[in-house]
Amino acid sequence: MNLSFPLDPKFSIPKTEVINVNRTFTLGGYEVLLSEVEMSPLVTRVKFVHAPDQEIDYKTKLSISEVVWPIEIISTSRNGKQTKLSMVGGSGTEDGMMYSFSSNLLDNPESMILILRGKPDKVYDDLQEAKKDELEIKIK
């Protein structure tokens with residue numbers, strides 16, 4: 001049996017949104033490109049590219065992967081509510097890295113800021129000191 005019925009207009013089918021960020025930054029002496037962010041109702045994926053426009057060897061790719069360490073995404077909705085999207089996984093890709101975070105797409109976030117560890121090889125005595133070195137990249 002196959003049933004079909006119309007949904008109330010307040011229920012919509014959320015679409016996956018891809019934001020082409022294309023921001024280059026330097027971290028640990030390496031140039032890295034935050035290329036895009038894909039947002040769906042279940043997951044937010046962040047794609048980084050190793051040393052864009054440069055030929056690099058495997059050892060350098062590993063070194064870059066060790067210094068690019070996202071912490072979280074701070075998402076802010078229209079009403080000002082901030083939500084921290086935690087990282088849930090990550091992996092290497094042919095030309096970079098892909099990290100997955102939780103999602104709040106259904107809250108219609110107005111702005112999103114990616115927080116990265118700022119000084120990968122530094123050991124901190126307290127959390128406040130570490131927060132001062134964090135790198136923030138505006139996604140949206």
Side-chain angles (χ1 to χ4, degrees):
M1 180 186 334
N2 200 2
L3 292 176
S4 171
F5 54 90
L7 286 176
D8 187 310
K10 72 179 182 182
F11 296 106
S12 65
I13 299 172
K15 304 274 190 229
T16 297
E17 180 181 349
V18 176
I19 301 169
N20 291 312
V21 181
N22 292 323
R23 288 212 177 89
T24 303
F25 59 96
T26 302
L27 194 60
Y30 298 105
E31 191 174 273
V32 181
L33 172 71
L34 171 54
S35 89
E36 68 180 35
V37 175
E38 178 184 338
M39 297 170 44
S40 76
L42 299 176
V43 70
T44 301
R45 288 191 181 93
V46 178
K47 182 178 180 190
F48 294 96
V49 176
H50 298 125
D53 303 324
Q54 297 176 24
E55 287 292 322
I56 58 173
D57 61 12
Y58 183 72
K59 185 177 178 182
T60 304
K61 287 181 182 182
L62 286 177
S63 296
I64 294 172
S65 296
E66 289 175 4
V67 298
V68 176
W69 197 257
I71 299 170
E72 63 191 2
I73 295 174
I74 304 294
S75 175
T76 307
S77 63
R78 285 190 199 130
N79 64 4
K81 179 184 173 199
Q82 285 194 342
T83 304
K84 293 181 179 184
L85 308 180
S86 302
M87 185 170 64
V88 294
S91 64
T93 64
E94 182 180 327
D95 62 347
M97 300 147 289
M98 179 80 73
Y99 291 95
S100 298
F101 293 82
S102 52
S103 177
N104 73 331
L105 179 65
L106 300 178
D107 292 338
N108 296 316
E110 191 170 88
S111 75
M112 297 177 76
I113 306 290
L114 175 67
I115 311 292
L116 294 140
R117 231 173 55 190
K119 295 185 178 176
D121 53 353
K122 186 174 178 180
V123 177
Y124 296 96
D125 290 330
D126 68 44
L127 194 55
Q128 295 305 325
E129 185 183 347
K131 283 212 166 286
K132 291 178 190 173
D133 287 337
E134 291 176 349
L135 176 63
E136 297 183 359
I137 301 175
K138 184 175 175 72
I139 295 171
K140 175 179 176 179

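The figures that follow rest on heavy atoms only: side chains count, while hydrogens, waters and symmetry mates do not. Note that the structure is predicted; figures quoted are calculated from it, not measured.
- Between Q128 atom CD and D125 atom CG the span is 13.0 Å, to the nearest 0.5 Å.
- Atom CE in M112 sits 4.5 Å away from atom CD1 in I73 (nearest 0.5 Å).
- A continuous path of hydrophobic side-chain contacts links I56 to V32 [ILVMFWY only; heavy atoms under 4.5 Å].
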Requested in this report: Kindly indicate, with the supporting measurements, whether the criterion side chain to side chain contact (heavy atoms under 4.5 Å, CB included) is fulfilled by V68 and Y30.
Outcome: CA-CA 9 Å; V68 176; Y30 298 105; over 6 Å; no

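- The side-chain heavy atoms of K47 and D95, taken from C-beta on, include a pair separated by under 4.5 Å.
- Under the 4.5 Å side-chain heavy-atom criterion for Ile, Leu, Val, Met, Phe, Trp and Tyr, M87 and L27 are members of the same hydrophobic cluster.
- Of the options E36, E110, E17, a salt bridge (charged side-chain N to carboxylate O under 4.0 Å, His left out) to K140 is made by E17 and by none of the others.
- Here the straight-line distance linking atom NZ of K132 with atom CG of L127 works out to 11.5 Å at 0.5 Å rounding.
- In E129, the CD atom is crowded: over 12 heavy atoms of neighbouring residues, nucleotides or ligands sit closer than 6.0 Å.
- Linking ILVMFWY residues whenever their side-chain heavy atoms come closer than 4.5 Å, directly or via other members, leaves V46 and L42 in distinct clusters.
- Cluster annotation: V37 is not connected to L33 through the hydrophobic network of ILVMFWY side chains, with a link wherever side-chain heavy atoms come within less than 4.5 Å.
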Query raised in the report: Can K84 and I74 be said to form a side chain to side chain contact (heavy atoms under 4.5 Å, CB included), step by step?
Result: CA-CA 5 Å; K84 293 181 179 184; I74 304 294; 3.5 Å; yes

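- S77 and D107 are not linked by any side-chain donor-acceptor pair at a separation below 3.5 angstrom, with hydrogens and angles left out of the test.
- The heavy-atom pair separating G90 from Y99 by the smallest distance is CA-CD2, 3.8 Å.
- The closest donor-acceptor contact from the side chain of S102 to the backbone of S86 lies under 3.5 Å.
- Minimum interatomic distance between E31 and T24 (heavy atoms only, all atoms of both residues): CG-CG2, 3.2 Å.
- Taking CG of L135 as the reference point, atom CZ of F25 lies at 6.0 Å (rounded to 0.5 Å).
- Contact between T44 and L85 at its shortest, heavy atoms only, is OG1-CD1, 4.2 Å.
- Judged purely by atom type and a 3.5 angstrom limit, S103 uses its side chain to pair as donor or acceptor with the backbone of S40.
- Here the CG atom belonging to N20 is positioned 12.5 Å from the CD1 atom belonging to I139, to the nearest 0.5 angstrom.
- Taking every heavy atom of both residues into account, I64 and H50 meet most closely at CG2-CD2, 3.5 Å.
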Requested in this report: Please lay out, stage by stage, how R23 and K138 fare under the test side chain to side chain contact (heavy atoms under 4.5 Å, CB included).
Outcome: CA-CA 9 Å; R23 288 212 177 89; K138 184 175 175 72; 4.1 Å; yes

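- Considering all non-hydrogen atoms of both residues, L105 and M39 come closest at CD1-CE, 3.4 Å.
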**Report entry** L116 vs F48, side chain to side chain contact (heavy atoms under 4.5 Å, CB included): CA-CA, chis, key distance, verdict
**Finding:** CA-CA 12 Å; L116 294 140; F48 294 96; 4.0 Å; yes

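- Between V43 and F101, the closest heavy-atom pair is CG2-O, 3.3 Å.
- Atom-to-atom distance recorded for I137:CD1 and L114:CG is 5.5 Å, nearest 0.5 angstrom.
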